[in-house]
There are 2 protein chains.
Amino acid sequence: MGRVTAQVLAAVSSPRRQEILRLVWRDELAAGELSAAMPDVSFGAVSLQLKVLLEAGLVERRVDGQRRLYRARPEALGAVGAALERMWDDALWKLTLAAELAESRRGPRRRARQTSRPTSSRSTR
Amino acid sequence: MGRVTAQVLAAVSSPRRQEILRLVWRDELAAGELSAAMPDVSFGAVSLQLKVLLEAGLVERRVDGQRRLYRARPEALGAVGAALERMWDDALWKLTLAAELAESRRGPRRRARQTSRPTSSRSTR
DNA sequence: TCGGTATTTTAGTTTCATCTAAAGTGGGCC
DNA sequence: GGCCCACTTTAGATGAAACTAAAATACCGA
């Protein structure tokens, strides 16, 4: 099991990054697919959070053509990963997720999407 | 075992609060004794962090005369608590703590201590 | 080489956690 | 009451995290 360091705790403490981890916990997703699943933040913001997670060793990246596929590394999270899974299974958690994300917002409030939605690319690969 | 919520993760993610938790992990300490053990922050700052930990259920408070004794609640942290203990045992952690505390500082930089050091009160109780 | 798509990085903005200093609260003792 | 002591809370300051929009980079196919 991976060692839980202060860096790991810091990376996992952000609701936004928890959301990303949940989305790539079992299956890998392209950065754009992740971004599409989180309509309230820009692609750039997602990419920056992925970088944080990558540097903490909490996700791994695989190149596929022009796409970058991300997948969580649960083994890096050890006991904290199990705690996250329990959190996600918890019904109460689902009810409070939106509120927590809203609370955790620090940057400027969103006005419109940066780019037109990624056109559910199915062609590459 | 206590449930690890997003609030709990947020509370343990701060190096300053990790330091506090470590100090009251086994034995209870008065707020002033805690503050004396952390000479680089004011009494007020310690009190505020204790409040955060208290509200997250990670410490408990006991009144003793004019003193407030704090003790960690490891059971509230479940497996994450064990991860913390491992972190504290790690030699590398000790080397990086100071740096992380420095990095995590957000408020104004310290010039002098707010009050004269608590005079190692041994009389009450 | 060119154009399009996918992603990352940069530059600049906003919000909030953390801090300090000082004021406030409350217990204990004379 | 009046004083001191231990602690908490408030008001204000500061810096870093998280964000957006836009520019830069990377890869592919024609």
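Bear in mind the structure is a predicted one, so any value in this text is a computation, not a measurement. In the text below, chain A, chain B and the rest are named by the order of the sequence lines, each starting its count at 1.
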Among the nucleotides dA18(D), dC7(D), dT9(D), whichever has the atom closest to the side chain of R17(A) is dA18(D)
K51(A) atom NZ is separated from dA18(D) atom P, nearest whole Å, by 13 Å
So ring-ring contact (aromatic ring centres under 6.0 Å, His included) across residues 61-84 of chain B, not counting sequence neighbours, yields none
Here the distance between atom P of dT7(C) and atom CG of L34(A), to the nearest Å, is 9 Å
Atom CD of Q18(B) and atom C1' of dT18(C) are separated, to the nearest Å, by 15 Å
Atom CZ of F43(B) and atom C1' of dT10(D) are separated, to the nearest Å, by 16 Å
Terminal axes of the helix from dT1(C)-dA30(D) to dC30(C)-dG1(D) (5 end pairs apiece), angle rounded to 10 degrees, sit apart by 20°
E85(B) meets the side-chain hydrogen bond (donor to acceptor under 3.5 Å, both in side chains) criterion, sequence neighbours left out, with W25(B), R26(B)
Closest of dT10(C), dT7(C), dT8(D) to the Y70(A) side chain is dT7(C)
Considering only heavy side-chain atoms of L48(B), the closest of dT7(C), dC19(D), dT10(D) is dT10(D)
Against the side chain of R61(A), the closest entry in dT8(C), dT18(C), dC19(D) is dT8(C)
Inset, instruction - Please examine the side chains of R71(B) and R61(B), heavy atoms only from C-beta on, and report whether any two atoms are closer than 4.5 Å. - result: no
Taken in chain and number order and not counting sequence neighbours, the residues that satisfy side-chain contact (heavy atoms from CB on, under 4.5 Å) with L48(B) are none
Just do the salt bridge (charged side-chain N to carboxylate O under 4.0 Å, His left out) check on D64(A) and R67(A) with the steps written out, would you? CA-CA 5 Å; D64(A) 166 47; R67(A) 309 198 304 162; 3.5 Å; yes
Notebook entry, point to check: Can you tell me if E60(B) uses its side chain to pair, donor with acceptor, with the backbone of R73(B) under 3.5 Å?
Noted result: no
From CZ of R62(A) across to P of dA6(C) the rounded distance in Å is 16 Å
With sequence neighbours left out, the residues meeting side-chain hydrogen bond (donor to acceptor under 3.5 Å, both in side chains) with R17(B) are Q49(B)
Atom CD of E33(B) and atom P of dC7(D) are separated, to the nearest Å, by 7 Å
Short heteroatom pairs, N/O only, protein and nucleotides 24-27 of chain D, under 3.5 Å:
from    : atom 1 : to     : atom 2 : distance (Å)
dC27(D) : O2     : Q66(A) : OE1    : 3.3

Side-chain atoms of R67(B) come closest, of dC7(D), dT8(C), dC19(C), to dC7(D)
Between CD of E28(A) and C1' of dA6(C) the distance, given in whole Å, is 16 Å
- Message: Would you say that R68(B) contacts R62(B) through its side chain, given a criterion of any heavy-atom pair below 4.5 Å between the two side chains?
- Response: no
Whole-Å distance, Q49(B) CD to dC16(C) P, equals 18 Å
Between S35(A) (side chain only) and G32(A) (backbone N and O only), is there a donor and an acceptor less than 3.5 Å apart?
no
With the side chain defined as heavy atoms from C-beta on, A30(B) is closest, among dC19(D), dT20(C), dC7(D), to dC7(D)
